[in-house]
Amino acid sequence: MTDSSESLNFIEQIVAEDLANGLPKENLRFRFPPEPNGYLHIGHAASICLNFGLGNKFNAPVNLRFDDTNPTKEEQEYVDAIKNDIQWLGFQWAQECYSSDYFQQLYDWAIELIKKGKAYVDPQSAEKMAEQKGTPTTPGTPSPYRDSSVEENLEIFDKMKNGEYPAGAYVLRAKIDMASPNMLMRDPLLYRIVNKPHHRTGSEWCIYPMYDWAHGESDYIEQISHSICTLEFKPHRELYDWFLDQIYDDNKQRPKQREFARRNLSYTVMSKRKLLQLVESKTVSGWDDPRMPTISGLRRRGYTPESIKKFSEVSGITKRDSVTDVSLLEFCIREDLNKTATRVMAVLDPVKLVITNYPQDKVEMLEAENNPEDPKAGTHEVPFSRELYIEREDFKEEANSKYFRLSLGKEVRLKSAYIIKGESVVKDENGNITEIHCTCDLDSRSGSGTEASMRKVKGTLHWVSIAHAVKAEVREYDRLFLDEAPDSHEGKDFMEFVNPDSLNIIKEAYLEPFLKEAQLEDKFQFQRLGYFTLDKNASAEHLIFNKTVGLRDSWAKQQSEKKAQNQPQPKANKNQPQAQRSALNEMQKISKKYTNLSGAKLEAARADIEKLAEEITYDELEPLFNTAAKKVGTRIGVMISLGVLLKNGQERNDSINEFISKGAEDNNELLAEEANKLG
Ligand code: ATP
Ligand code: MG
C-alpha cells in the first residue's frame, strides 16, 4: 500500500478507502478503455497516467481494453497507434483486451434478459422512440412493443443476429423505467443492426452492443475493481449499475464506476472527431502533425514522455471541468529539455560575417559544452574559421546602449569562441547587408584562461562556420488555433479559428556539423533559439528539424501585449480554478497602479499582493516573467508574489534567477528594491 504521507488524488483516495474497508488488495484491477477510432491525445494522457498510475501506486494490473463496438469508425491502424503511444509513454498493460472478444458473452446475457422479461425488440424509428422518451420533467410513454411475448422477442432477436433485417429495422432495448428522472434509464438500447464488417470480427456479427451495455459488462468480465471514466458518464452510472445487477454473481468482484473531469487544453480541440476533421481536410499533415495535440504529434514535435507525465501530474485530477493553459504544457517540456538537451548552434536567418584579422585557411576546433545543467554531459567540438554565419537580426549598423548584439564599433562574444568588434559592412545595390566585417581579439578565446578571455562583454551570439555548416530545413510551429477555446463558440465552427500561419518552413538553415549525426528522438537546444528535434521524415541528405518550443514563453508575452492593446480585456484565462484565477488577476490589477502609490497606500497594496500570492501557483506566475519592461507595476507585483512563493518553498531555477537579476538592474527603484530583497 501507499505511504500515508504521500498525497493522493481523489480517485486514489477512493481506492485506498475501499482497501481500508476490506477490499482484498489482490482484487484491485484497472483498465484504460480507448475506442480505436482515432489517435490518442493529451486528454487521453490524463486518463492513461491516472489508470496506469493507480496500477503503479497500488501494485495492481491495468488492462488495455479496446472498446471496439462501433465498426463504422474503428480501424486496426488506430489500435496499433494507441498501443504504440501508451508504450512510448512508458506504461505496460497487463492484458490486451477487446470488447469485441466478449460479443458472444454479451449476446448470451442479452438472451437471458429477454427471457427474464427485461429486454424487448422494437421496430420503431429512432424519431418515434425519442418522442416517446418524454422530458426530464415528464415521464415517457411506453413503446407499444414493450410487452411483446418472450417468444416473439427471442425469435426476432435471433433473426436480427442472423442478418435477416436491414439496418434500423429493429433494436433491442432494456426494459427499465419509462418514468425515471434519469433519461438514460428510459428503456435504453442494447443492440442495433450495423451491416458493416468489424476490424476484428469481420462479418461474424451484424448486431453490435451499445457502449453502455458493453462497457460495464466488459469491466465485469475482466474483473475490473475500479472503472474510471470522465464526468460526462456520471449520469450513466445508474445504468452501469442496473446492467451489472442483471448478471452479477456474488462471488465475483463487482466493478465500480467513478468519474473525474476531462482534461481540456487551451488553443486546441481535443475530440477525436474534430481531430479527424483536421486530418481529412488536410489542415494538418496527419494525426502526428507536430501541431496536433495528439501524443504522436507531440512526440514528433519533440515532447518527451517525461514532460507529458509531468504535465499530467501538475495539472492534476479534478472533479470539475476546467481548461488547462497550453503554456503549462510548454513549461513542462522546456523544464525537461533544459536538463537533457544537447546545446548546439544553428543559424536560421544567416548573414555572412568575415573576421578580417583571422587567418584565411585556419580552422580551430573549439570545445563546446553539451549541457551546462549536466556536467556529465561532456563536450563536443565546433569548427571555427574566418567566415561565419550569424543571425541577421543579431546585427545593427548603429544601435543604442540597450542593444547587446553586434553593431559597428561594439564588441560581442561569439559563443565558445572569441570577442569580436564590428568594423564595416558590405551592401548590395539595394542597400541590403551582404557581409559584415569585424576584427577579433585573438587573445580572448573562451576557456583559454587569458585575461582577455575573462573580459566581460554584454552580448553573446551564436554562429556557424560557413565552410563546415550543414544545411537543413527547419520547421517552426505556432498554435494551430487563434482562439483559446475554438470549439466553444455557438454558431461558429471550430475550423474558422484555424491559424493560417501555424507552420513556418525555413528551407535553408545552417547548423554546426555535429548535427549531421543527429538521430530521431535526439533533443537539441539551438542556442538562443529554442529546442529542436529531428523530424521523422529527415534523411542524411535532407535534414529536417522541428522546433519543439522556444526558450522562453514568448507567446504569453505577445498575448499579454496584444491584450493590453485590445481593450476591453478579454476574460481571464480559464486554466485555473476560480479562486486562483481571480487571485492572479487581482494581483495584476493592483500591480498596474502600484507605481502611482506612495506611503500607507503603497504599503497596503503590497500587503494585498502578498496575500493574493498565497493563492497563486508558480506555473501561473512564470509566464508573467516576460511582462514587457515598460509595465513596471506588473513586474513589481510579480516580483513580490515570487517572494511569497520562494518563502513558501518554491525552488529557484534559471527563469527565476534571471527574472530577479534583471529586476535588480532595472531603473525603477521600487522594482530593483523588491528584486534585491530576493537577492
Ligand atoms: P474523444 O471525445 O476525444 O473522442 P473519447 O472519450 O470518446 O474522447 P475514448 O477513446 O472513449 O475517447 O477515451 C478513452 C478513455 O480516455 C476514456 O476513459 C475517456 O474517458 C478518457 N478520455 C478521453 N478524453 C479525455 C480527456 N480529454 N481528459 C481525460 N480523459 C479523457
Ligand atoms: Mg468515447
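All residue numbers refer to positions in the sequence shown, counting from 1. Counting convention: from 1, in listed order, for ligands and their atoms alike.
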Pair Asn546-Thr533, side-chain donor/acceptor within less than 3.5 Å: no

Residue selection (non-hydrogen contact nearest atom 6 (O) of ligand 1) among Arg262, Lys272, Glu35: Arg262

Lys547 atom NZ: more than 12 heavy-atom contacts under 6.0 Å: yes

N/O separation below 3.5 Å, Arg31 to ligand 1: no

Option of least heavy-atom distance to atom 21 (C) of ligand 1 (set: Ser47, Ala46, Pro34): Ser47

Any N/O pair Glu232/ligand 1 closer than 3.5 Å: no

Selection from Thr324, Thr230, Ile48, Ile228 by shortest heavy-atom distance to atom 19 (C) of ligand 1: Thr230

Residues Glu232, Arg262: salt bridge by 4.0 Å N-O rule: yes

Contact check, Arg273 vs ligand 1, heavy-atom distance below 4.0 Å: no

Phe32 touching ligand 1 at heavy-atom level, < 4.0 angstrom: yes

Pair listing, side chain to side chain donor-acceptor pair (under 3.5 Å) test, anchored in residues 489-498, at least two apart: Asp483-His489

Donor + acceptor pair across side chains of Arg29, Ser225 (<3.5 Å): no

Polar proximity ligand 1 side, Gly43 side, N/O cut 3.5 Å exclusive: yes

Check: Asn9/Gln13 side-chain N/O donor and acceptor closer than 3.5 Å: no

Residue pairs fulfilling side chain to side chain donor-acceptor pair (under 3.5 Å) with at least one residue in residues 71-80, sequence neighbours excluded: Tyr39-Glu77, Asn70-Thr72, Gln76-Asp80

Polar contact flag for Asn37 and ligand 1 (N/O pairs, less than 3.5 Å): no

Asn264 N/O to ligand 1 N/O under 3.5 Å: no

